> 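Have a look at the structure that comes next, please.
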Amino acid sequence: MKSEPSEFSIDDLKSNPDKTEPWDGVRNYQARNMMRDEMKKGDLVFFYHSNCDMPGVVGIMTINKEGYPDPTAFDPNDKHFDPKSDPDKPRWILVDVKYKRKLKRTISLAELKEQKYLENMKLLQRGNRLSVMPVTKKEWDYILSLE
DNA sequence: GCCAACGTTGGC
DNA sequence: GCCAACGTTGGC
């Protein structure tokens, strides 16, 4: 899962009182579908910093609460307000994540791209801008082996 | 249903 | 700040 550290970073998550956070504001259907259908409580997630000096994997989280309607879609004062999302038929879904640990170092996008083993990884495919995307078990283990 | 125009993402 | 690559919108 990607976040711009200037908006919400791994340290922000770590410093939350209960170390959890509703992953709100996602307005992409593919990303929504993954949060709604695929992510189960206890699943492990990489926290990825995007749009910053060193984009890359910075930490590990778990899914703390499975998919439920994104309340920011109903709030006219929220920048992610979506008037087309009817509270009776919510359009946007989020999950709660929980801090697990930071990686010992940032495993940068540049470094990931150097790994032949990871060439088929979703994150590294051309033009992929999804903020939520799947990681296979093998990719997960390989990335952690770089730590 | 097509597709041009526009908006967004995110690396560089 | 640039721009490639998508996604969305809306006229037809």
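Note that the coordinates shown come from a computational prediction; the quantities given were computed from them, not determined experimentally. To find a chain, count down the sequence lines: A is the first, B the second, and so on, and within it residues start at 1.
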> Which residue pairs satisfy the salt bridge (charged side-chain N to carboxylate O under 4.0 Å, His left out) criterion with at least one member in residues 121-140 of chain A, sequence neighbours excluded?
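Matches after skipping sequence neighbours: A:Lys137-A:Asp141.
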> State, yes or no, whether a side-chain contact exists between A:Tyr99 and A:Ser15 at a heavy-atom distance under 4.5 Å.
no
> Ignoring hydrogens, what is the shortest heavy-atom contact between A:Ala73 and A:Phe81? Give both atom names and the distance.
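So the minimum-distance heavy-atom pair works out to O-CD1, 3.2 Å.
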> Please enumerate all protein N or O atoms sitting under 3.5 Å from an N or O of nucleotides 8-10 of chain C, with distances to 0.1 Å.
| residue | atom | partner | partner atom | Å |
| --- | --- | --- | --- | --- |
| C:dT9 | OP1 | A:Lys84 | NZ | 3.4 |

> In sequence, state the C-alpha distance, the side-chain angles, and the governing distance for A:Asp18 and A:Lys98, and then conclude on salt bridge (charged side-chain N to carboxylate O under 4.0 Å, His left out).
CA-CA 8 Å; A:Asp18 54 4; A:Lys98 180 163 192 168; over 6 Å; no
> Using the test salt bridge (charged side-chain N to carboxylate O under 4.0 Å, His left out), find all partners of A:Arg105 that sit at least two apart in sequence or belong to another chain.
A:Glu111
> Write down the atom of A:Gly67, the atom of A:Val95, and the distance for their closest heavy-atom approach.
N-CG1, 3.7 Å
> Which pairs, protein N/O on one side and nucleotides 3-6 of chain B N/O on the other, fall under 3.5 Å?
none

> Quick one: list whatever passes side-chain contact (heavy atoms from CB on, under 4.5 Å) with A:Glu147, sequence neighbours left out.
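Result, side-chain contact (heavy atoms from CB on, under 4.5 Å) vs A:Glu147: A:Arg101, A:Leu103, A:Lys104, A:Ile107, A:Leu144.
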> Suppose the criterion is side-chain hydrogen bond (donor to acceptor under 3.5 Å, both in side chains): which pairs have a residue in residues 44-53 of chain A, not counting sequence neighbours?
A:Glu4-A:Asn51
> Just to be sure I understand the geometry, which residues of residues 121-131 of chain A put a non-hydrogen atom under 4.0 Å away from DNA chain C?
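Contacts with DNA chain C under 4.0 Å: A:Arg126, A:Gly127, A:Arg129.
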> Applying salt bridge (charged side-chain N to carboxylate O under 4.0 Å, His left out), name anything that partners A:Lys116, two or more places apart in sequence or on another chain.
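Salt bridge (charged side-chain N to carboxylate O under 4.0 Å, His left out) check on A:Lys116 returns A:Glu119.
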> Mind checking salt bridge (charged side-chain N to carboxylate O under 4.0 Å, His left out) for A:Lys113 and listing every partner two or more places apart, or none if nothing turns up?
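In terms of salt bridge (charged side-chain N to carboxylate O under 4.0 Å, His left out), with neighbours along the sequence ignored, A:Lys113 is linked to no residue.
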> Can you list, by residue number, the residues of residues 108-116 of chain A that have a non-hydrogen atom closer than 4.0 angstrom to DNA chain B?
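When residues 108-116 of chain A is checked for heavy atoms under 4.0 Å from DNA chain B, the hits, listed by number, are A:Leu109, A:Lys113.
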> Anything under 3.5 Å between a donor and an acceptor, one on a side chain of residues 35-47 of chain A, the other on a protein residue two or more places apart or in another chain? List them.
| residue | atom | partner | partner atom | Å |
| --- | --- | --- | --- | --- |
| A:Arg36 | NH2 | A:Asn33 | OD1 | 3.2 |
| A:Lys41 | NZ | A:Asn64 | O | 2.9 |
| A:Asp43 | OD2 | A:Lys40 | N | 2.8 |

> For residues 21-32 of chain A, which residue pairs pass the side-chain hydrogen bond (donor to acceptor under 3.5 Å, both in side chains) check, not counting sequence neighbours?
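Every side-chain hydrogen bond (donor to acceptor under 3.5 Å, both in side chains) pair that includes a residue of residues 21-32 of chain A, provided the two are not neighbours, is A:Asn16-A:Glu21, A:Arg27-A:Asp70, A:Arg27-A:Thr72, A:Tyr29-A:Arg91.
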